[in-house]
Amino acid sequence: MAITGTTGEQIPVRAFGGPTALIEYGGLRLLIDPTFDPPGDYPLPNGRTLTKTAPPAASPADLGRIDAVLLSHDQHPDNLDHSGRALLADVPLTLTTPSGAGRLGGTAQGLAPWQSVDLQRPDGGTVTVTAAPALHGPENAPDVEAITGEVVGFVLTAPDLPTVYVSGDNASLTLVGQVAERFGPIDTAVLFSGAPRLPIFDGAPLVLDSAQAAEAAKILGARRVVPVHCDSWAHFTESRQDLVDAFTAAGLTERLQLD
């Protein structure tokens with residue numbers, strides 16, 4: 001999957017199921033939320049269990065070189081599983097939340113919202129990765145971060161490349177609006193969706209639902225939307241077809257890329 005930016009540069013994005021995707025940007029290979037474990041039940045510390053329903057489309061051995069991992073958060077197995085944790089040990093850099101970096105150690109580096117880091121490109125230039133704020137639950141609910149944990153998204157920029165936004169496990173359109181104000185219009189938006197629901201917050205979505213994802217595309221002025229986090233787990237209550245339906249209803253079908 002690739003799209004040509006204003007400079008003619010292609011930004012390939014390959015999705016593997018769940019939230020996991022590989023972005024090639026400025027010669028760098030950036031992996032999002034590695035989850036490569038097989039289907040099965042994955043217990044949470046709070047006693048709940050998440051069930052993975054489908055295998056990934058690739059294994060870590062299929063990936064080739066990874067220059068950095070962009071990890072929205074480390075607390076949940078549908079964003080970082082056993083295989084993903086093992087992979088981090090072989091990656092030069094993992095960018096994640098400040099609290100997550102403290103838990104992971106190793107090459108993990110925490111970024112607070114709007115904090116940036118420059119990554120060296122093979123051609124001698126740099127790519128800037130900026131942490132985008134994210135909220136893992138409904139924005140009108142109290143104590144969301146205390147309940148579901150700290151989460152981060154990412155914005156990729158370079159002087160000669162189109163802008164890429166990775167939402168992470170975010171359910172707040174207000175925060176999407178903040179990203180648009182600082183970086184919009186966005187060329188490629190990798191949007192976590194799937195409307196995952198658990199008994200907390202009265203069953204409200206913990207990440208964007210399909211209609212919200214379409215609204216996020218409008219807010220960002222996104223020319224292209226690559227959806228992830230909308231398959232392979234039982235608590236994801238909306239599918240890729242729901243996304244197609246929502247983008248069609250919003251008149252945005254041409255922006256949605258699934259393959």
Side-chain angles (χ1 to χ4, degrees), residues 19 21 32-33 70-76 78-79 95-100 110-116 128-157 162-230 235-238 242-243 245-247 249-252 255-256:
I32 303 169
D33 284 18
L70 307 180
L71 179 61
S72 68
H73 61 300
D74 66 300
Q75 305 97 310
H76 302 144
D78 59 327
N79 296 89
L95 297 175
T96 189
T97 64
S99 62
L111 294 178
W114 309 126
Q115 185 177 359
S116 297
T128 299
V129 181
T130 301
L135 188 68
H136 198 356
E139 57 188 0
N140 59 349
D143 302 322
V144 170
E145 189 170 292
I147 296 170
T148 56
E150 190 177 30
V151 181
V152 68
F154 303 94
V155 180
L156 309 179
T157 54
T163 301
V164 175
Y165 168 55
V166 179
S167 71
D169 270 10
N170 173 57
S172 169
L173 290 176
T174 298
L175 296 181
V176 171
Q178 292 180 15
V179 171
E181 288 174 6
R182 289 179 180 241
F183 293 99
I186 300 295
D187 186 85
T188 297
V190 181
L191 294 183
F192 288 40
S193 55
R197 300 175 192 268
L198 293 171
I200 55 177
F201 308 124
D202 296 323
L206 304 181
V207 182
L208 298 175
D209 65 22
S210 299
Q212 289 173 321
E215 183 61 25
K218 289 182 181 179
I219 293 169
L220 295 164
R223 187 163 68 92
R224 171 207 193 194
V225 173
V226 181
V228 297
H229 200 274
C230 55
H235 64 294
F236 295 176
T237 64
E238 295 185 8
D242 292 314
L243 275 166
D245 293 344
F247 273 68
L252 301 174
R255 303 192 197 185
L256 188 63

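One-based numbering along the sequence shown. Just so it is clear, the model here is predicted, and its values are computed rather than measured.
Below 30°, between 30° and 60°, or above 60°: for H229 and F192 the angle between ring planes is below 30°, a parallel geometry.
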### Query
Can you check side-chain contact (heavy atoms from CB on, under 4.5 Å) on Y165 and V176, steps first, answer last?
CA-CA 10 Å; Y165 168 55; V176 171; 4.0 Å; yes
### Query
Under the side-chain contact (heavy atoms from CB on, under 4.5 Å) criterion, do V144 and F201 qualify, and how do the steps go?
CA-CA 9 Å; V144 170; F201 308 124; 4.0 Å; yes
### Query
Please walk me through it: do V151 and N79 pass side-chain contact (heavy atoms from CB on, under 4.5 Å)?
CA-CA 11 Å; V151 181; N79 296 89; over 6 Å; no
### Query
Given the rule in the side-chain contact (heavy atoms from CB on, under 4.5 Å) test, do V179 and W114 qualify, once you have shown the distances and angles that lead to the verdict?
CA-CA 9 Å; V179 171; W114 309 126; 4.1 Å; yes
### Task
Please test D169 against S72 for side chain to side chain donor-acceptor pair (under 3.5 Å), starting from the C-alpha separation and ending with a verdict.
CA-CA 7 Å; D169 270 10; S72 68; 4.8 Å; no
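Side-chain atoms of D202 do not come within 3.5 Å of backbone N or O of A204 as any donor-acceptor pair. In terms of modelled atom types and a separation under 3.5 Å, the side chain of S172 and the main chain of L175 share a donor-acceptor contact. Between the side chain of R224 and the backbone N or O of T188, no donor-acceptor pair lies under 3.5 Å. A donor-acceptor pair under 3.5 Å is absent between the side-chain atoms of S210 and the main chain of A246, judged by distance alone. Judged by distance alone, the side chain of T96 and the main-chain N or O of L71 form a donor-acceptor pair under 3.5 Å.
Note that the OG1 atom of T237 and the CG atom of D209 stand 8.0 Å from one another [nearest 0.5 Å]. With rounding to the nearest 0.5 Å, the separation of CD1 in I32 from OG in S167 is 8.5 Å. Rounding to the nearest 0.5 Å gives a distance of 4.5 Å between CG of L173 and CD1 of I219. Rounding to the nearest 0.5 Å gives a distance of 8.5 Å between NZ of K218 and CZ of R255. Rounding to the nearest 0.5 angstrom, the gap separating the OG1 atom in T97 from the CD atom in Q75 is 6.0 Å. Note that the OG1 atom of T163 and the CZ atom of R223 stand 11.5 Å from one another [nearest 0.5 Å].
Taking the side chain as every heavy atom from C-beta outward, V155 and R182 never approach each other to under 4.5 Å. Side-chain contact between H136 and N170 is absent, with no heavy atoms from C-beta onward closer than 4.5 Å. Considering only heavy atoms from C-beta on, T174 stays 4.5 Å or farther from L135 through its side chain.
Of all heavy-atom pairs between P227 and S193, the closest is CB-OG, 4.4 Å. Considering all non-hydrogen atoms of both residues, L111 and V129 come closest at CD1-O, 4.3 Å. Of all non-hydrogen atoms in A171 and Q212, the two that sit nearest each other are O-NE2, 4.2 Å. Nearest heavy atoms, F236 versus P196: CD2-CB, 3.7 Å. In terms of heavy atoms, Q178 sits closest to P133 at OE1-CG, 4.0 Å. Across all non-hydrogen atoms, the minimal contact from A217 to L191 is N-CD1, 4.5 Å.
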